[in-house]
Amino acid sequence: MTTDADQIPDPQRKAPLGLFAALRRVPRFVAFKGFSSLTRRIVLLNLAGLCALVSGILYLSEFRAGLIDARVQSLLVQGEIIAAAIAASAQVETNAITIDPERLLELQAGDSYGPDEGFSPLEFPINPERVAPVLRRLVGPTGTRARIYDRDGMMLLDSRSLYSRGEILRFDLPSPTETPPGLMERAWRAAHSWIGRGELPLYKEFGPQSGKEYPEVASAALGQKASAVRVDERGRIVVSVAVPIQRFRAILGVLLLSTQGGEIDQAVEAERFVIVRVFLVAAAVMVLLSILLAGTIADPVRKLAAAAERVRRRTKSRVEIPDFTSRSDEIGHLSGALRDMTSALYNRIEAIESFAADVAHELKNPLTSLRSAVETLPLAKSDTSRARLLEVIQHDVKRLDRLISDISDASRLDAELQRQEADSVDLKQLLEMVVGMAQDVRRDDGVSVALDFERAPGAPQGFTIPGHASRLGQVVDNLVSNARSFSPEGSTVRVTCRRLKTAIEIRVEDQGPGIRPDAIDRIFERFYTDRPHQGFGQNSGLGLSISRQIVEAHGGRIWAENRTEPDGEGGERILGARLTVRLPST
């Protein structure tokens, strides 16, 4: 027994610990991420497929047809048994002579009256009083409606009106307070009747004297068993079977058996109810699994999107992209691609910032010198001083022009390599053309250029690689020009192209002083130059930097080293510098 005080909520009363423990075990993304767009699409698509499958099963056309066929066969067997029992009860008493007293009074003198007149021993009339108890015992347990017609279609018996002696008939009348069905109920009944009816004819109840209006009764009156399937006005299936009642091949009447409306429909509805219960369980499991699946997809995608948004807002400080590369699916591939793209983006931004700083620094030097010379020129008192200042101005202007040209070339290099499609480049033909041009243009420095081709053991034929011919030619031209600038007069710059198994090497060797050990790693930096034998500002320091940029864009590598040989005193003597380019081949 509870009191009002027990029903008042107590703020100090705590919920069962098991409930909180269960709630804590629920994944967090189910609570607040289960309604995302991706989750809704996954859940709805999975449920749509399940609903389509269940809808097809719920239609149960094959199952209903099987039930109808089974019911027809069952009624035929039941009808034959009942018809045989009725025919056995419909027989005359052979030891009795039937005499009509009124016929005797009408006889004239000399007339006779015998049993052969007006009575045929081959006729077996159906006696309703004798057939009714048999029909009640046989039909009662099955719940099937049975009607007996004579040969003319007159109904003799109906199992609905059979009752025992002393039995009180009860009929359920509609309640006076019963309200008529509403619009929704009528619409549901109409839809159910239309769906359940299909192509079946509508069942109609004919009068007691119109038995032959039923096609199956008319066929049975001719001695052939027949059946029919109809639906009533509420869409319920009614199966009827007509069996002739005959004795010694004489047709005495017709037995019509029919099911109660809704008998087969109830069996179908029972199966549908079971299927619906299974559907609800399957739908709940599918929704849960869909949410879990969507969580494994939507949660990483959401984190990646948030990281990408942070990258967009904060370009100056690196943002770490979530690492899902351990997953061997599309999410893992997407995470790896985003991480690589972000790293390349930051590297590109840093390179642009560094390039801009280097450019500003390199441009300030000639501008400062040019400004000083211009400011000093009006103060010069002699022609010699003015000529020297003009020479400095011309030198700085040429240096600025060279710097601007090289900077422009370096700045548009990446964009140009990205826009152009890689073609098949024959390095043998390219090297022959570049080296030939170098020999023709620069004959006055006294340095010759030699070209050789080699092939490693087991290496394939040909010197073809994918790339950009113009840019690769620029690399070779920069390396040859750099080597000639360090080579003494009368020496030779040797260019060797070597075919390896999976790559092609291009080596450019000179006979100059070599590279200082501390400058080997710095010669590929932008604006770095180490030429003591040349005047200041004669070189921009971008040639080798641009070459490395082009080689790396082709997936290759470039490095520098010195050529040495033993000097006989335990040391080594530098023979010159060697720059090597290795490019992957097809």
Side-chain angles (χ1 to χ4, degrees), residues 65-98 115 118-165 167 169 203 205-230 237-261 263-264 267:
L67 285 179
I68 293 174
D69 293 340
R71 190 57 174 153
V72 169
Q73 296 299 325
S74 174
L75 288 179
L76 285 175
V77 174
Q78 182 181 353
E80 291 176 353
I81 295 174
I82 297 176
I86 294 174
S89 65
Q91 58 183 346
V92 297
E93 296 180 2
T94 56
N95 296 328
I97 299 176
T98 304
F119 177 79
S120 175
L122 296 178
E123 293 182 358
F124 301 87
I126 298 176
N127 188 347
E129 294 183 359
R130 298 182 61 180
V131 173
V134 177
L135 190 63
R136 182 186 299 111
R137 288 193 299 269
L138 295 177
V139 177
T142 63
T144 305
R145 181 183 180 185
R147 284 167 282 185
I148 299 178
Y149 295 90
D150 61 9
R151 287 174 294 185
D152 297 328
M154 181 71 68
M155 187 170 65
L156 303 177
L157 287 174
D158 189 347
S159 61
R160 285 185 176 180
S161 59
L162 292 179
Y163 58 93
S164 303
R165 182 175 299 176
E167 181 180 2
L169 296 180
Y203 175 79
E205 191 75 27
F206 296 104
Q209 299 179 356
S210 304
K212 288 191 176 181
E213 295 292 334
Y214 297 105
E216 60 270 25
V217 174
S219 298
L222 300 177
Q224 297 179 355
K225 296 182 292 184
S227 61
V229 181
R230 305 179 181 88
I237 298 175
V238 178
V239 179
S240 301
V241 171
V243 178
I245 303 174
Q246 54 187 359
R247 184 175 177 81
F248 302 121
R249 297 185 179 179
I251 298 177
L252 308 180
V254 176
L255 171 64
L256 178 65
L257 297 179
S258 59
T259 60
Q260 300 293 332
E263 179 181 340
I264 296 178

State the [atom1]-[atom2] distance between [X] and [Y], to the nearest 0.5 angstrom.
X    : Y    : atom1 : atom2 : value
Q209 : D152 : CD    : CG    : 11.0 Å
I86  : R130 : CD1   : CZ    : 12.5 Å
L75  : L256 : CG    : CG    : 10.0 Å

- Task: Would you please name every residue forming a salt bridge (Lys or Arg N to Asp or Glu O under 4.0 Å) with E129, sequence neighbours left out?
- Result: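 With neighbours one apart ignored, the set is empty.
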
- Query: Residues in side chain to side chain contact (heavy atoms under 4.5 Å, CB included) with V134, at least two apart?
  - Reply: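 In terms of side chain to side chain contact (heavy atoms under 4.5 Å, CB included), with neighbours along the sequence ignored, V134 is linked to A85, R137, L138.
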
- Query: Partners of A146 by side chain to side chain contact (heavy atoms under 4.5 Å, CB included), sequence neighbours excluded?
  - Reply: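 With sequence neighbours excluded, A146 shows a side chain to side chain contact (heavy atoms under 4.5 Å, CB included) to L135, V139, S159, L255, L257, given in chain and number order.
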
- How about R71 and T144: do any of their side-chain heavy atoms sit closer than 4.5 Å?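 Yes; the side chains approach each other to less than 4.5 Å.
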
Shortest non-hydrogen contact between [X] and [Y], atoms and distance:
X    : Y    : result
A218 : K212 : CB-O, 3.9 Å
I251 : A221 : CD1-O, 3.4 Å
A83  : V243 : CB-CG1, 4.0 Å

Expected list for residues 222-229: side-chain donor-acceptor pairs under 3.5 angstrom, two or more places apart:
{"residue": "K225", "atom": "NZ", "partner": "E80", "partner atom": "OE2", "Å": "2.4"}

- Item | E213, CD atom: more than 12 neighbouring heavy atoms under 6.0 Å |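 Counting other residues, nucleotides and ligands, CD of E213 exceeds 12 neighbours.
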
- Kindly write out the residues that satisfy ring pair (Phe, Tyr, Trp, His ring centres under 6.0 Å) with Y214, not counting sequence neighbours, or none if the list is empty.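 Checked Y214 against ring pair (Phe, Tyr, Trp, His ring centres under 6.0 Å); matches are F206.
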
- Task: For the pair D158 (side chain) and R160 (backbone), establish whether a donor and an acceptor sit closer than 3.5 Å, ignoring hydrogens and angles.
- Result: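 The answer is yes, because a donor-acceptor pair under 3.5 Å joins these two groups.
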
- Message: For E205, is there an ion pair with R147 - N to carboxylate O distance below 4.0 angstrom?
- Response: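 Between E205 and R147 there is a salt bridge, with a charged N closer than 4.0 Å to a carboxylate O.
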
- Go through the structure and list residues passing side chain to side chain donor-acceptor pair (under 3.5 Å) with Q246, not counting sequence neighbours.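 Q246 satisfies side chain to side chain donor-acceptor pair (under 3.5 Å) with no residue once adjacent residues are dropped.
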
